[in-house]
Amino acid sequence: MIRLAWRLAFARGWARPALLAACTAVVSGLLLVTLAVLRLPAQPEERLLAVITDPGTRGGYAFGAALLIIPPLLLLHQVVRLGTSARERRLAALRLAGATPAEVRRIGAIEVGIPVFAGSILGLGLYRLLRLCFGGTRFGEYPSHAVHLIPTTVAPAWWETLLVILGVTLLGVAVGALASRRVIVTPLGVTRRAAAPAPRPWGALALALAVVSGLAAMRVDGPQAHTLGMAGALVAIALALLGVMALAPWLAFTAGRIVARRARTGPVLLAASRLVAEPRPAARAAAAVGGIGLVAGGASAFVADVMAMQNDDDGYYLAPVALVAVCLLGALVVVVGSLAVHSVESLLDHRRSVASLTALGVPVDTLITAQRWETGLVALPMALIGTLLGSVVYGLGPVGGPSFVWFACTIVGLTLVAALCWVAVLAAVRVVRPWTVRAADPAHLRTE
Amino acid sequence: MSEIQFEARGVRKAYGRTEALRGVSLTIGAGEVVAISGPSGSGKSTLLLALAGLIRPEAGEIAYDGARLDDLGEAHRTRLRRRQFGVVLQFGQLVPELTAAQNVALPLLLERHDRAAARRLALGQLERFGALDLADALPGELSGGEAQRVAAARALVTGPRVIFADEPTGALDTVGGEHLLKTLLGAARDNDATVVMVTHDNRVAARADREIFLRDGVIA
Ligand SMILES: Nc1ncnc2c1ncn2[C@@H]1O[C@H](COP(=O)(O)OP(=O)(O)OP(=O)(O)O)[C@@H](O)[C@H]1O
Ligand SMILES: [Mg+2]
């Protein structure tokens, strides 16, 4: 059974298992970093970035590192779904050959589990590598590099490491199961459970809760005020991220509907109607963009805050902002992967209609324009709403009222995020160009 | 007449508005070779799939060896099918990622047979159907008729008690179809297996012990 799953895992080439492993490696590496940071004593014996050394902000730093696992997890989800139709055909054929539903489920889990397990072990290496490049330096030793982000005097315990490896593997398998939960595999093919209803803006609920807990966090006082306030703020941030990402399907659907009604050119109409028909996959690919926007918006309001204070110690505050910016760029690279994988998936699933479009005389460039629209129509609104939300909430909450500097910083933040997001869209569509050209080959009309 | 192996009573099956089977009752004896024929869309495939336990009828009963087949659980039915039935369908039945030989060995592997032994048996079956040189080909590389022969080899590899075949010769030319049919029926006779096959072809139907003619979802 394991041999069979092993064979199936690699039957369609190495790209899918390699991507799965890479995603989980990043996830487990980041979790190990988080654990290492949490193990630091109140007075670390090494030189580290101020936000890490200061026990007051250390929790926030660890939290931030843990949050960075969201984009690779979303990408993992996309990759698992990659080639869904081929996978479904295979599972149905296995059922016909006499595999029971439970056996098919097990084969599916092992198929994802093997690369994911390999990835989570590779994460250990990634953690080592990061420590080598960005590790703290013991006091008294001469620092060999400039940025000290990861503790070296403490490390996660062996059981914590083991837990991370097993936990991340299970998480990966769970994400895999989640990605195929809507299909029932019968020996004669795959049927979908009742079509998913049109998405609704439930994310707004989480956003409202985020605001409530954020406000509550600012109001607490008493001896535990700092801890409670911090916890409340973290809960608020987590809820806000969740809310923005949960809004994505609704946003995709709404944007698609509005644009489809006004579309004047073929590619736009094609892109918008595809979003209306299937808002969820595109939304999933772009969900992380909203989170990135949210953090970027908060950061721009924070910068405004620091600039308004006009003290000499700007470096102390701005160093973490630079770090956040670098992390966001890293997350954006993962998002490019997500968007690209989504485009490939959508191409594979619509192979026949894509091929029939070219047979009708639609040039490949038109298809590529449509792809750009389809991705951009979700990603850009997500980016803008996220940024605006982050900036407004941070600007009105802790800072207490809009100011000119805040306004200027928000505008700059919005422009920057939108521009970067568009670059990500262009990059993603560029990456999948070879697939698009291949999918447009009318030869697909006769296969399958 | 031999003992009754299948007994269907009042079997109905609809796909949405289309009523594919509208109350079919029949019995099939152990070791019998039965051909199901009738015009296109008359419900032949549907009846075959219901007898093989691949679809569940909405009404009526199907008994196999005196026990109800249609209300067995999915896993139960699958295991029964894997051990006692061999199924050859019209199309789309081989696992695209596995070679022909692996596909044929699959039912044995699922029963946890030794891998080497499973491969040996699989190659033996492929040889029987004149498809030994296709052993390492992927289904995508096979022609329709070749895929059909591989599927037939897989249906026989476990030595089933019942063989279900939906137009097994549909994708083959006359000579190839003749050969496949002869092999299939020969293997069935060696095992004393029952054969239930759907066919358009009068010559194929003529080789059966009995012909069941369907029209509009009922036995005519
Ligand atoms: N999966 C399905 N979904 C919807 N309708 C179906 C499905 N399978 C069969 N039908 C319908 O049920 C009726 C009987 O189909 P069935 O496949 O049993 O016919 P058949 O006698 O095997 O035809 P053919 O000789 O063309 O294979 C047909 O009208 C067909 O359109
Ligand atoms: Mg048929």
Side-chain angles (χ1 to χ4, degrees), chain A residues 1-17 82-108 110-112 114-115 183-195 348 351-352 443-444 446-448, chain B residues 15 45-46 48-50 52-56 72-99 102-115 118-119 122 138-141 147 150-151 154-155 157-158 160 164 166:
Chain A
M1 179 80 83
I2 292 188
R3 288 197 66 105
L4 191 63
W6 178 275
R7 207 190 134 73
L8 292 173
F10 297 100
R12 297 240 158 194
W14 281 85
R16 200 177 105 110
L82 191 58
T84 309
S85 48
R87 184 181 140 100
E88 287 170 355
R89 223 174 309 126
R90 156 166 89 237
L91 295 183
L94 279 170
R95 286 279 284 117
L96 185 63
T100 61
E103 281 165 341
V104 164
R105 240 174 289 129
R106 221 172 309 146
I107 289 172
I110 300 174
E111 216 182 299
V112 175
I114 292 170
V183 301
I184 308 168
V185 182
T186 75
L188 303 173
V190 170
T191 51
R192 261 150 239 292
R193 290 212 172 100
L348 291 177
R351 192 163 18 191
R352 279 169 135 268
H444 287 301
R446 68 162 272 277
T447 55
E448 289 147 37
Chain B
Y15 300 101
S45 297
T46 307
L48 182 101
L49 295 174
L54 281 163
I55 57 177
R56 217 188 270 261
L72 277 185
E74 191 63 38
H76 229 88
R77 246 181 317 146
T78 304
R79 250 179 255 119
L80 176 75
R81 184 153 49 78
R82 174 160 102 197
R83 287 175 194 151
Q84 311 211 357
F85 299 173
V87 184
V88 190
L89 294 187
Q90 272 174 299
F91 37 70
Q93 42 195 340
L94 301 176
V95 182
E97 286 83 1
L98 300 180
T99 63
Q102 285 168 333
N103 260 292
V104 176
L106 196 52
L108 298 173
L109 294 179
L110 288 168
E111 283 291 322
R112 297 172 200 283
H113 281 240
D114 174 59
R115 263 167 45 86
R119 182 167 170 91
L138 289 172
E141 302 159 0
V150 174
R154 185 173 75 187
V157 79
T158 51
F164 292 97
D166 193 348

A:T100 vs B:R82, side-chain contact (heavy atoms from CB on, under 4.5 Å): CA-CA, chis, key distance, verdict = CA-CA 9 Å; A:T100 61; B:R82 174 160 102 197; 4.2 Å; yes
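For A:A102, no part lies near chain B; criterion is any non-hydrogen pair under 4.5 Å. With a threshold of 4.5 angstrom between heavy atoms, B:L80 does not approach chain A through any atom at all. Within the 4.5 angstrom heavy-atom criterion, only side-chain atoms of B:R115, from C-beta onward, approach chain A.
Look at B:R79 and A:E103 and you find no salt bridge, because none of the NZ, NE, NH1 or NH2 atoms lies under 4.0 Å from a carboxylate O.
The salt bridge (charged side-chain N to carboxylate O under 4.0 Å, His left out) check on B:R83 picks up B:E111, with sequence neighbours excluded. Listed by chain and number, the residues in a side-chain contact (heavy atoms from CB on, under 4.5 Å) with B:L138 are B:T99, B:E141 (sequence neighbours excluded).
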